[in-house]
Engineer: 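There's a structure below that I have some questions on.
Side chains are part of it too, since the values below use all heavy atoms of this structure and drop only hydrogens, waters and symmetry mates. Every number for a ligand or one of its atoms is a count from 1 in the order of the listing. Residues take their numbers from the sequence shown, with the count starting at 1.
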Amino acid sequence: MPGEPLILVSNRGPVTFSRAPDGARERVRSGGGLVTALAGLTDHTPALWISAAMSDEDAEVARMSEGPFDLPEVGVETRGKFVVIDRETYHQYYNVVANPMLWFIQHYLWDLSNAPDIRREELDAWEQGYLSANRSFAAAVIEELDAAPARVVMLHDYHLYTAPEAIRQAHPAAFLHFFVHIPWSQPDYWRVLPPHIREAVLRGLLANDIVAFHTPRYARNFMLCCEELLDARVDFDHRVVRHGRRDVWVRSYPISVNAPEFERLAASAEVAQEEAAILRRRRAHLLVRVDRTDLSKNTLRGFKAYDVFLDRHPEFREDITFFALLQPSRQDVDEYVEYLAKIREVVSYINTKHGNTDWMPIDLRIQSNLPLAVAAYKHYDVLLVNPVYDGMNLIAKEAPLVNERRGVLILSENVGAHEELGAFALSVNPFDVEAQAQAIYQALVMPADEREGRQNEIKRIVRENNVAKWLEHQQVDIQRKRVADRRRGVVPA
Ligand code: G6P
């Protein structure tokens, strides 16, 4: 990006600090899809990365540095800046509003006959948690723009929907780019939220110059929401929403992975060590899934499909293992705690029903272990990626890239990656357990040359649509939009 370093804003930052037993300050790299993607972005451009202080030590770093600090381990030239939010506000913002409220709305996860109940607690969490945390993020950005107003600001994800409006008020000519990494649901589903909340979300997003999604489907849903819920003027052909005097561009850019880096990781000694264990235990066939224990990932139906498959095809008994590596997630939210308990129950039911003393049909690991995940990616015969809804799903891209067994990808039609990879995967409706059971069978009996052909195509697409392209396409649009706005006299030239 030409000019001053980019200002990146996301709730979770690339590192968090802690104290070692000997009193030394330690830096720990954060995980998760979003941080990995943004770290890829910082490999290409200098940036200041503003994020929430997650630990007491982070807050201490913020106090001591009184501004940006160096992040030598991240990107080409990255500095960090923490936003310190008090514990209660953070809890309301993150555990009551962002997860689950907004996350559930955007992945269609509410069982509407039962939930959500929007009570005083939720309304207060919106006012005192979400809006307040967003004001703090906005203040941190405004401070930077006060010194250098021409810097491009890129905000990321559902934690930060209302921050752009405050930034825009303070800096009417700022360039604000917002990327939503999760799906965008249809207008009626947003009606679950009271009008003042859903309108604030939309207004917040329309304070940006560009609002970006992974796929055209989400971009379209967003424009429909602007039209129906905010009465905004929308030009669907040019993908522009009129908001006040400003035009907001709505675009889609499918994110990808850093293929060479991931391939290096796959060739590392730590992965080799985990591979040895997988190979020692493997039966003739290996079915794999790797996910966070998130309700959107549809883990339960995946196991139910495997149960049906074993009922239908006893010839595969003792010859197959379903290796499920599930990383515990958001255990401060009740729904997630219950979901993990249900996962354990279903697995134990299936293992008791089909297994015996020699054979455990499902090898369930509840842990976060990247080398083990990558080892499993290298050796699966079938990879199950069946989310109910998912913004992109990078596992569907990373795993085939390093797979060495012509493995077949079973892919939900409701994940962002399906637009690019669906034609070469076995595409399934994530609610259709029968179809998923059938897909497992079809994948296992597919001729080797067909498996190879499909996998090669997936590898090619993932290598071609790389992270550099993802960033480049956004940069081009940022420049174009700036030029278009100057011509219209929206910002001072
Ligand atoms: C997933 C989603 C991202 C989201 C992140 C938040 O990775 O795909 O869009 O930002 O979760 O995770 P966290 O652990 O920071 O709550």
Engineer: Cation over ring, Arg480 on Trp249, under 6.0 Å and within 45°?
Structural biologist: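 Negative - Arg480 is either too far from the ring of Trp249 or too far off its axis.
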Engineer: When you measure from atom 16 (O) of ligand 1 to every protein heavy atom, which one gives the shortest distance, and what is it?
Structural biologist: Tyr94 OH, 2.3 Å
Engineer: Tell me, with the steps shown, if Gln92 and Asp124 meet side chain to side chain donor-acceptor pair (under 3.5 Å).
Structural biologist: CA-CA 8 Å; Gln92 292 181 314; Asp124 286 350; 5.9 Å; no
Engineer: Which atoms of ligand 1 sit under 4.0 Å from any heavy atom of Leu34?
Structural biologist: 10 (O)
Engineer: What is the closest protein heavy atom to atom 14 (O) of ligand 1, and at what distance does it sit?
Structural biologist: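 Among all protein heavy atoms, the one nearest atom 14 (O) of ligand 1 is Arg12 NH2, 3.2 Å.
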Engineer: Between Tyr158 and ligand 1, is there a nitrogen or oxygen pair with a distance under 3.5 Å?
Structural biologist: no
Engineer: So which protein heavy atom does atom 7 (O) of ligand 1 come closest to, and at what separation?
Structural biologist: Gly33 N, 3.7 Å
Engineer: Do Glu419 and Arg217 meet the salt-bridge criterion of a basic N to acidic O distance under 4.0 Å?
Structural biologist: no
Engineer: Can a non-hydrogen atom of Asp157 be found less than 4.0 Å from any atom of ligand 1?
Structural biologist: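 Yes, Asp157 has a heavy atom closer than 4.0 Å to ligand 1.
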Engineer: Is it true that Lys297 and Asp294 make a salt bridge, defined as a side-chain N closer than 4.0 Å to a carboxylate O?
Structural biologist: no
Engineer: Between Glu457 and Arg460 (salt bridge meaning N to carboxylate O under 4.0 Å), is one present in this structure?
Structural biologist: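 Here Glu457 pairs with Arg460 in a salt bridge, since their nearest N and O are under 4.0 Å apart.
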Engineer: Under 4.0 angstrom from ligand 1, any heavy atom of Arg292?
Structural biologist: yes
Engineer: Taking the six-membered ring for Trp, are Phe179 and His214 ring centroids under 6.0 Å apart?
Structural biologist: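 That pair passes the under 6.0 Å test.
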Engineer: With atoms numbered from 1 as shown, which atoms in ligand 1 lie under 4.0 angstrom from a non-hydrogen atom of His181?
Structural biologist: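 Heavy-atom distances to His181 below 4.0 Å select 9 (O).
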Engineer: Suppose I only count heavy atoms of Ile182 and a 4.0 Å limit; which atoms of ligand 1 are within that range?
Structural biologist: 9 (O)
Engineer: I'd like to check whether Arg330 has a polar contact with ligand 1, where a contact means an N/O of the residue lying under 3.5 Å from an N/O of the ligand.
Structural biologist: yes
Engineer: Report yes if the distance between the aromatic ring centroids of Tyr161 and Trp184 is under 6.0 Å, otherwise no.
Structural biologist: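 Yes, the ring centres sit under 6.0 Å apart.
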